[in-house]
2 protein chains.
Amino acid sequence: MRILVLGGDGYLGWPTALHLSECGHQVAVADSFARRHYDDELGVESLVPIEPLRARIAAWRELTGEQIGAYVGDLTDAMFTYRIIGEFRPQAVVHFAEQRAAPYSMIDRAHAVYTQANNVIGTLNLLYAIAETDPGIHLVKLGTMGEYGTPNIDIEEGWLEVEHNGRRDRVLYPKRPGSFYHLSKVHDSHNIEFACRVWGLAATDLNQGVVYGQQTGQTARDERLATRFDYDAVFGTVLNRFVIQAVIGHPLTVYGSGGQTRGFIDIRDTVRCIQLACEHPAARGEFRVFNQMTESFSVRELAAAVAAAYPGDVVIENLDNPRVEAPEHYYNVVHTGLAGLGLQPHLLSDTLIESMFDITKRYAHRVRPEALRPTVNWRTPTTT
Amino acid sequence: MRILVLGGDGYLGWPTALHLSECGHQVAVADSFARRHYDDELGVESLVPIEPLRARIAAWRELTGEQIGAYVGDLTDAMFTYRIIGEFRPQAVVHFAEQRAAPYSMIDRAHAVYTQANNVIGTLNLLYAIAETDPGIHLVKLGTMGEYGTPNIDIEEGWLEVEHNGRRDRVLYPKRPGSFYHLSKVHDSHNIEFACRVWGLAATDLNQGVVYGQQTGQTARDERLATRFDYDAVFGTVLNRFVIQAVIGHPLTVYGSGGQTRGFIDIRDTVRCIQLACEHPAARGEFRVFNQMTESFSVRELAAAVAAAYPGDVVIENLDNPRVEAPEHYYNVVHTGLAGLGLQPHLLSDTLIESMFDITKRYAHRVRPEALRPTVNWRTPTTT
C-alpha cells in the first residue's frame, strides 16, 4: 500500500514510517519540524540524540534499500496539504501531525490558541484535501484516550449505545477531557465524524493511551534510526520520565496522590496498531474508533513498578498536582477492536523497564534536571 | 448590572443590547462588523435598512437618554478582548460574536476554516480574558440547538444522566451536528465546560433554536433602531425566508420533503431569555445549559403555516436538499430551564406571521431574487 505518514519525523511518526516500510508498504513522510522547534523554545532536547530527517531516511535506505519519501511543510498551509495528497496519492494517511502535549497547551493563552488552531485547522485542511482528491483514501488519525476523561461508566470505543426514557440510540461517546490539547483532539473527532457522514470518507480514530518505550525492531538496528525520548515535564510522558528520574537519582515526581489511572501502550504496539488499521481500512462513510491501549495503571503503580525494577535507591515524591484531574476514579476501558484485527500486546514487564534503564544510563549526561519538575499549572490562566 | 454584548451590532445582538438597556442595565456592545462584511462578500443586504452602529446608539440615546458604550474590534485579537473586559469590567458578557450561518461555513474549505478558527479562537481569548481579569464574570454564550443534531432520544439541556453496564454518570450530552458552523459551537461548548472546571468560571450556554421575527418592543420604536432581516439562502433562516418568498411571489423553497424538525423561538423571547440568564447567573464553576427554544416545527409545517396566513397565492417547491440531514426523525426537546426562570413564550401565531408580511411588503423592492435559492451544497467539498 501507499501510506503517507504526517508528522513522520516525530517520536511515533518516525518508528511508524520505518515499521510500515519494513512491512513492504510504500511510505512517504511529511513534517514541519514543529516538534524540534518546541525543543528550541523550551530549552530541552531528546535524551537520545536524533538525526535530521534526511539523514534518517538515508540510513534506512543504506540498511534496507527502501526509499521513504519526504515532504517538508505544514498542514495548516492548505496548498501544501493538497499538494502532498495529490502528488503521493496515498491509499492511507496516518495523521500524527499535531501538537501533542497537554502541558504545552496549558502554558498560556497563546499556546492554547496555537494548539487548537494548529490541530483543528491542519485536520480540516486534510479532510478537504482527501475529500476532493480521492474520498477513498483511508484516514488513520491519532486521537488520545484523554479525550474521554474519566467517566464513571465503562469507556467504549468511540460510540455508546444509550437507552433514555424508553428510547434507544447509538451516540458518539461523551467526551470531557482535561486540557486544551485533549480538547483539540475532541474537536478533531467531531469534525472527522461529520466528514465521514457528509462526504463518505473512511476514517479510523485511534484513541491512543500514554506511550512508553523508545525502541522498535527497526529503530534499534542503527543509532541513526533512533527516535526521540523525552523526559521533560512538558513533553515527557509519565513512565519514560520516571525511568529517567530513577537513573539520574532524581525523585520520581508523582502528581498528587498518584491515584490517576490511565491507559498505556508499548511503542512496539503503537506501530503494529497503525499497520493493522491501515491494512484493515474503515468502510466508506464509516467513522471507526479504536482505543489504542493495552493496560491501565495508576501513576502510583507505575512509580512503584519503576522503583521495584531499578537496582538502586529510588525516592518517590508526591507533588501538588499541577493539573486539574480526579485524584481517584473509576477507569475501565473497552479495547477489543485492535485485538480483533490481530494485535498481540507487549505488556509492561520488568524486561521492558530494564531495557529503558540501559538506554537512559548511556545518555544520562544529557539530562537537564531543571526540566524535570512541572512548571505549567492548570489553575493559573496566563496571558502570554 | 454592567453587561457587555459581544456581536452587539448583529441581528440579535443589537435588539438584546436595547432590551437590556431598557431593563435598566448598563450596556456596552463590541463588534467587528464581520456580519456587514459578509453582506458585501455575498452581494446581499438586510431586507430592512439598518443604520450604522454609532447612529443606532445615538438614536437610542436621543429617545431614552440611555448611553450604550461601543467597542470596535475582533475577539480573535487577544489584546482587544483583554482590553474591553478590563476597561468595561462587566458582570455579565453576552457572546453573540461568532460567524453564525451553516451554509456560509460550508461554502468551501476557506470558509470552514474561517468559521471554526474565528469562533473557537475568539471564545478561547474571551475565556482567558475573563479568567485573568475576574473569574466571577458570568459568561452567557450563544450556542445552537443544531449542536445536538437529531438523536433518536430526548434532547436534554446539555447534560445527560446515563446508566451503562450497571453504573451511572452525568455526562455532557453527546453532540452530532450538521455543519462546520454547528461543529464550531460544539467545540466552544467543550472548551467552556473545561474552563468552568479548571478555573471556576460561571457560564451559561444557550442552545438557541432558529429565531424568527424582526421586531422587539425596543426596535419598533424608531426606524433607526431596526435590526437586520435576512432572506438570502446563506444567512436567511427558514421562517423569515418563507415570509419574504410569499410576499414577492417566489415559491417557498423547502429542502427535500421538509420533514426536518427543528426548535424555534421568537426574537422577542430571545432578548428576554438573555435578560433572564444574566439576572440569574450560573454559579462559579458551573457549566449551565439551557435549550433556548419554545416550539418545534417541521419545515413542511412552517411552509404550510406561511401559505395559510398569506392572503395571496403561495407555491411550495421541494428542492433537492443541499444539506445532509435526516429527512424524517424523532425530535423531542427538554426546554424547562428558561421557563423556570420566568420566560413566558410568544408562540408562533398568525398575528406574528402577518406582522412580518407588513414589514416585508414595505421593503419588497429591495429583495434580490437570485439570492433566495441555495447555492452551497453539503456534499461537494470545494477548495477555495
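Just so it is clear, the values below take in all heavy atoms, side chains as well, and ignore hydrogens, waters and symmetry mates. Order of the sequence lines fixes the chain letters, A, B, ..., with proteins taken first and strands second; residue numbering starts at 1 for each chain.
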For Asn125(A) and Arg109(B), what are the C-alpha separation, side-chain angles and deciding distance, and is it a side chain to side chain contact (heavy atoms under 4.5 Å, CB included)?
CA-CA 7 Å; Asn125(A) 284 343; Arg109(B) 184 205 63 79; 2.7 Å; yes
Top contributor to chain B contacts, counting heavy-atom pairs under 4.5 Å, from Pro381(A), Pro174(A), Pro177(A):
Pro381(A)
Looking at Gly178(A), Ala129(A), Pro151(A), which makes the most heavy-atom pairs under 4.5 Å with chain B?
Gly178(A)
[X] and [Y]: which non-hydrogen atoms are nearest, and at how many Å?
{"X": "Arg379(B)", "Y": "Trp199(A)", "answer": "O-CD1, 3.8 Å"}
{"X": "Leu124(B)", "Y": "Ala112(A)", "answer": "CD1-O, 4.2 Å"}
{"X": "Arg197(A)", "Y": "Val324(B)", "answer": "O-CG1, 4.2 Å"}
{"X": "Glu132(A)", "Y": "Thr382(B)", "answer": "OE2-C, 3.1 Å"}

Relative to chain A, which segment of [X] carries a heavy atom at a distance below 4.5 Å: side chain, backbone, both, or neither?
{"X": "Asp154(B)", "result": "both"}
{"X": "Glu156(B)", "result": "side chain"}
{"X": "Arg323(B)", "result": "neither"}
{"X": "Trp378(B)", "result": "both"}
{"X": "Val120(B)", "result": "side chain"}
{"X": "Val113(B)", "result": "both"}

Just so I understand: if I count every heavy-atom pair under 4.5 Å between each of Ile121(B), Thr76(B), Asn191(B), Leu160(B) and chain A, which residue has the most?
Asn191(B)
Interface residue of largest heavy-atom contact number with chain A, from Glu325(B), Glu193(B), Arg170(B), His164(B), under 4.5 Å:
His164(B)
Hey, can you tell me if Phe180(A) and Phe194(B) have their rings parallel, tilted or perpendicular (30° and 60° cut-offs)?
perpendicular
Are the side chains of Val171(A) and Arg176(B) in contact, using a 4.5 Å heavy-atom criterion?
no
Starting at CG of Asp169(B), measure out to OH of Tyr330(A) and round the result to the nearest 0.5 Å.
11.0 Å
Here the gap from His190(B) atom NE2 to Lys175(A) atom NZ, rounded to the nearest 0.5 Å, amounts to 8.0 Å
Go through Asn165(A) and Ile153(B) one step at a time and tell me if the side chain to side chain contact (heavy atoms under 4.5 Å, CB included) criterion holds.
CA-CA 8 Å; Asn165(A) 297 345; Ile153(B) 57 174; over 6 Å; no
Regarding His187(B) and Gln116(A), is there a side-chain donor-to-acceptor distance under 3.5 Å anywhere?
no
Ignoring hydrogens and angles, state whether a donor on the side chain of Arg168(B) or Asn152(A) is under 3.5 Å from an acceptor on the partner side chain.
no
